[in-house]
Amino acid sequence: MEESPDPPFEQTYKNLFNNITPQKNFPELSAVEECELPLIDLSRLNLGEIERRACKKQIAMASREWGFFQVINHGISREILEKMRGEQVKLFKKPFHEKMNYKDLNFSAGSYRWGTPSATCLKQLSWSEAFHVSLSDVYPHCPIYPQVFGIMPHTDSDFITVLHQDHIGGLQLVKDGKWFAVKPNPEALIINIGDLFQAWSNNVYKSVEHRVVANPLNERFSTAYFFCPSYDTVIQSGDVPCVYRSFSFGEYRKQVQEDVKIFGHKIGLPRKVKTKMIIVGDLLTGEPRSWAKVVENVGVWPIVGPTA
Ligand SMILES: O=C(O)CCC(=O)C(=O)O
Ligand SMILES: [Fe+2]
């Protein structure tokens, strides 16, 4: 009998399955509306100055309002994208033990992940497997949907992410405090702003929380390219006042990994906020405020003391 390609989620993470109570209703998942991301035609960049400027404006607006957009006429042909998907399917369909022991593909140790090794409860378990080449993800059909996510809610810790997903769907993002399901368009590439770009732009462009919901029937494939600077690159906005302390990408990445180990999720940019400004703001207004609100308002608040 042929060995299954699927990772042994239930065996490896069996302690997480001990106390699950069958729940039928997950209103926060079923109520999610579908949205179409702003669609940007990159061929406009080559059509002369006026078109070029209008296109750039559109990109800037989508990055501010959505943190996500999709691009067409991006220069990668449909055949290449389909070929990439074909190779990806071939790789993930290999028997699990073969994927575990890959030596011939030049993958470094630890480049194959399935599930979430740091998970301490089912909610923290991602029902997906990934090769970090760039990142090639497969979300096997999930027998315990909707008790787990394909990928837990997160923001990307990079500068910008380029994503290609198939027609199955499952990617969701937060807009105006609500979750939306992204309508798939296999011809388009999805671009999203990462934490580093948000910090560099002093919160003008948004690194938006997103997740992938698992699917009880179909498996789903996606490929992500995380555009990152070198570890010693310092991220600092030139704006005054500046929301975040300057930090290197290496330092940020290390902190994210430590937080995931300790808390099961990353803290991310709130760690880099100039904290004294927040305390001053709170004392002045007397209002309890959320992190996000505080971060957004920093620029307009009086500063009565030195900032960290
Ligand atoms: O598979 C997807 O659609 C998104 C994956 C993702 O968000 C990530 O790997 O950071
Ligand atoms: Fe992501």
Would you please test Arg271 and Asp259 for side-chain contact (heavy atoms from CB on, under 4.5 Å) and show each step? CA-CA 10 Å; Arg271 277 205 179 276; Asp259 286 343; 2.7 Å; yes

Classify the ring geometry between [X] and [Y] as parallel (under 30°), tilted (30 to 60°) or perpendicular (over 60°).
X      : Y      : answer
Phe249 : Tyr231 : tilted
Phe227 : Phe159 : perpendicular
Trp127 : Phe17  : perpendicular

Flag side-chain contact, heavy atom, 4.5 Å: [X] against [Y]:
X      : Y      : value
Val148 : Cys142 : yes
Leu45  : Lys56  : yes
Leu16  : Gln147 : no
Glu209 : Trp179 : yes
Gln88  : Val138 : no
Gln198 : Asn203 : yes
His154 : Arg211 : no
Thr155 : Lys266 : yes

Which residues, ordered by chain and number, are linked to Ile50 in its hydrophobic cluster, where ILVMFWY side chains connect at heavy-atom gaps below 4.5 Å, directly or through other members? none

If hydrophobic residues (ILVMFWY) are linked whenever their side-chain heavy atoms come closer than 4.5 Å, directly or via other members, who joins Ile267 in its cluster? Ile262, Phe263

Given the rule that I, L, V, M, F, W and Y join up when any side-chain heavy atoms are under 4.5 Å apart, are [X] and [Y] in one cluster?
X      : Y     : value
Ile40  : Ile76 : yes
Leu42  : Leu47 : no
Val162 : Phe69 : yes
Leu81  : Ile72 : no
Ile168 : Phe68 : no

Out of Phe92, Trp114, Phe221, which residue meets the ring pair (Phe, Tyr, Trp, His ring centres under 6.0 Å) rule with Phe131? Phe92

side-chain contact (heavy atoms from CB on, under 4.5 Å) between Glu33 and Lys178, intermediate numbers included: CA-CA 9 Å; Glu33 270 173 56; Lys178 261 176 59 183; 3.2 Å; yes

Is [X] salt-bridged to [Y], going by a charged N under 4.0 Å from an acidic O?
X      : Y      : answer
Glu219 : Lys93  : yes
Lys272 : Asp195 : no
Lys83  : Glu79  : no

Quick one, Asp156 with Phe226, criterion side-chain contact (heavy atoms from CB on, under 4.5 Å). Give me CA distance, side-chain angles, the key distance, then yes/no. CA-CA 8 Å; Asp156 291 348; Phe226 299 102; 3.8 Å; yes

Under the salt bridge (charged side-chain N to carboxylate O under 4.0 Å, His left out) rule, collect the residues that match up with Lys90, sequence neighbours excluded. Glu87

Output, in order, the C-alpha distance, side-chain angles, deciding distance and verdict of side-chain contact (heavy atoms from CB on, under 4.5 Å) for Ile144 and Leu122. CA-CA 10 Å; Ile144 57 160; Leu122 213 48; 4.3 Å; yes

